[in-house]
Number of protein chains: 2
Amino acid sequence: MARENTCQFAILGMLCREPMSGYGLRQTIERTVGHFWQESYGNLYPTLERMEAEGLVALDREEHSPGGRVRKVYRVTADGRRVLSEWLRRPVVPHVERNELLLKLFFGGRVGPEDSLAHVERSRAEAEGLLATLRLIDEDVRHSREGHPELPYWHLSIRAGLLGLEAHLRWCDEAQETLQRLAHTKDSKKKKKGEVG
Amino acid sequence: MARENTCQFAILGMLCREPMSGYGLRQTIERTVGHFWQESYGNLYPTLERMEAEGLVALDREEHSPGGRVRKVYRVTADGRRVLSEWLRRPVVPHVERNELLLKLFFGGRVGPEDSLAHVERSRAEAEGLLATLRLIDEDVRHSREGHPELPYWHLSIRAGLLGLEAHLRWCDEAQETLQRLAHTKDSKKKKKGEVG
DNA sequence: CGCCTATATATCAGTCTGATACAAATGCGC
DNA sequence: GCGCATTTGTATCAGACTGATATATAGGCG
């Protein structure tokens with residue numbers, strides 16, 4: 001077997017909160033765990049179909065509008081809850097995540113420090129944006145869900161995001177310094193060459 | 001178009017250092033950028049075949065041993081170098097990386113703090129192992145490749161790994177504390193219930 | 001001589017993304 | 001009340017990528 005379909009567990013977890021459509025699942029996942037987990041429709045719809053066939057979820061209700069449009073709302077079954085609990089207890093299989101930024105920097109010597117510097121600067125801007133968003137979410141969840149028994153669990157993922165982004169920004173500082181020094185050295189060489197030649 | 005084949009750029013970058021076989025590419029990628037980039041054979045071999053057809057790489061030499069065994073050594077072409085440079089200058093497309101640990105913690109309320117605590121402890125042990133390895137690699141590269149013009153670029157990715165892992169360990173501290181408090185609260189409740197009921 | 005490990009190529013089922021297509025409901029300005 | 005943009009909603013596809021598996025030789029060691 002290759003890796004297991006993880007989408008199904010995200011679905012089960014979200015359906016345990018309340019019944020939803022495929023579209024609603026995508027929305028909820030984006031809004032709650034979007035900073036570390038996302039699902040595409042091309043993954044959700046086929047997975048929901050398979051899960052229904054396997055009895056992990058069931059059609060809660062199917063709404064037909066006059067025009068013939070369908071809206072399928074799913075709920076989790078007892079089997080689904082069991083499968084979710086089993087997965088939640090199973091150890092996480094570690095795997096190396098691909099980092100395109102670092103790969104481009106690793107080969108950075110082939111194009112010069114200015115290009116690498118631009119990559120780092122864009123990454124820094126992106127991280128700063130995410131950090132601001134996450135801080136807002138943090139505040140929001142803290143107040144709107146005050147006293148909710150699952151709040152400490154939700155807060156863990158936000159803290160992971162905050163600490164990770166802060167570390168990334170510190171790395172950006174270092175990297176920018178290194179690359180600026182490289183760019184400067186290169187310029188000096190050019191100048192010297194020009195003066196002597 | 002879906003996402004572009006990134007494997008080809010890793011291949012091009014590595015072949016710029018020296019001609020290699022598919023097997024050698026896998027080895028080199030693992031040893032040099034393995035902490036943030038990996039390639040599987042199922043990805044490498046078909047990609048190499050396509051790249052040869054497109055003229056990005058060429059067969060440097062093909063070694064036939066008496067038994068009929070083949071060893072295909074590829075080198076990068078001028079076209080390949082151009083394609084690599086273009087990619088290196090193109091901005092990185094940001095994307096959310098899936099984090100299975102955080103997803104399990106997010107739904108942690110469904111199974112109790114002990115299970116979540118076990119996940120964090122395993123993750124911490126893994127991170128400590130990686131950190132130790134990365135520190136060794138750091139030392140090794142620093143000495144064995146002293147003065148190499150591309151050393152600063154290589155060092156950037158190692159620093160990213162070190163800072164990221166250190167941040168992760170700090171998060172583990174926080175998370176363990178939170179979860180231990182939750183487990184303790186639950187125990188107190190149980191005790192009280194037992195005493196009263 | 002057998003056994004293990006490293007070298008080496010190749011294929012496949014299944015996961016997942018990003019794009020695209022289609023269509024109805026809803027809100028909004030004018 | 002009309003046109004238009006956005007939101008809600010389901011569905012499919014090519015292509016990327018993983019992890020497993022199959023196959024086979026070379027070299028080292030006891």
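In this text the structure is predicted, and so the values were computed from the model without any measurement. Residue numbers begin at 1 in each chain, while the letters A, B, ... track the order of the sequences. Computed from heavy atoms alone, side chains included, the values below leave out hydrogens, waters and symmetry copies.
Here D:dT18 presents its P atom at 9 Å from CG of B:Leu44, a figure rounded to the nearest Å. Between the C1' atom of D:dC13 and the CG atom of A:Asn43 lies a distance of 14 Å, rounded to the nearest Å. A:Tyr45 has its OH atom 15 Å from the P atom of C:dT17, to the nearest Å. Atom CD of A:Glu97 is separated from atom C1' of D:dT18 by 16 Å (rounded to the nearest Å). Spacing between atom CH2 of B:Trp37 and atom P of D:dA16 amounts to 13 Å, rounded to whole angstrom units. Rounded to an integer number of Å, the gap from NE2 of A:His95 to P of D:dA20 is 13 Å. For the pair A:Glu54 CD and C:dG14 P, the computed distance is 12 Å after rounding to whole Å. Atom CD in B:Glu4 sits roughly 22 Å away from atom P in C:dC16 (whole-Å rounding).
At the heavy-atom level, A:Ser40 lies under 4.0 Å from base atoms of the strands shown. Nucleic acid contact for A:Gly22: sugar-phosphate only, since backbone atoms but no base atoms lie under 4.0 Å from a heavy atom of the residue.
Mapped onto DNA chain D by nearest heavy atom, A:Arg71 and A:Pro46 fall at different nucleotides, with A:Arg71 at the one closer to the 5' end. Projected onto DNA chain C by closest heavy-atom contact, B:Arg98 and B:Tyr74 fall at different nucleotides, the more 5' of which corresponds to B:Tyr74.
Minimum atom distance to the side chain of A:Thr6 is reached by C:dC16, of the listed C:dC16, D:dT10, C:dA6. The side chain of A:Glu39 approaches C:dT17 more closely than any other nucleotide in the set D:dA11, C:dA8, C:dT17. For A:Tyr23, whose side chain is taken as the heavy atoms from C-beta onward, the closest listed nucleotide among C:dC16, C:dT9, D:dG9 is D:dG9.
OP1 or OP2 of C:dT17 has not a single side-chain nitrogen or oxygen of A:Gln38 nearer than 4.0 Å. OP1 or OP2 of C:dC16 lies within a sub-4.0 Å distance of a side-chain N or O belonging to A:Asn5.
Judged by distance alone, with hydrogens and angles left aside, A:Arg3 brings no side-chain donor or acceptor close enough to the base of D:dT18 to form a pair under 3.5 Å.
For the pair A:Glu100 and A:Arg122, the salt-bridge criterion is not met [side-chain N within less than 4.0 Å of a carboxylate O]. Electrostatic pairing of A:Arg90 and A:Glu4 counts as a salt bridge here, judged by a charged N lying under 4.0 Å from a carboxylate O. Ion pairing between a basic and an acidic side chain is recognised when a charged N comes within 4.0 Å of a carboxylate O; B:Glu86 and B:Arg82 show such pairing. Between A:Glu39 and B:Arg98 there is a salt bridge, since a side-chain N of the basic residue sits under 4.0 Å from a carboxylate O of the acidic one.
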Discussion item. Run the side chain to side chain contact (heavy atoms under 4.5 Å, CB included) test on B:Phe107 and A:Met14 for me, step by step, so that the C-alpha distance in whole Å, both residues' side-chain angles and the decisive distance to 0.1 Å come before the verdict.
Written reply: CA-CA 9 Å; B:Phe107 296 133; A:Met14 290 306 174; 3.9 Å; yes

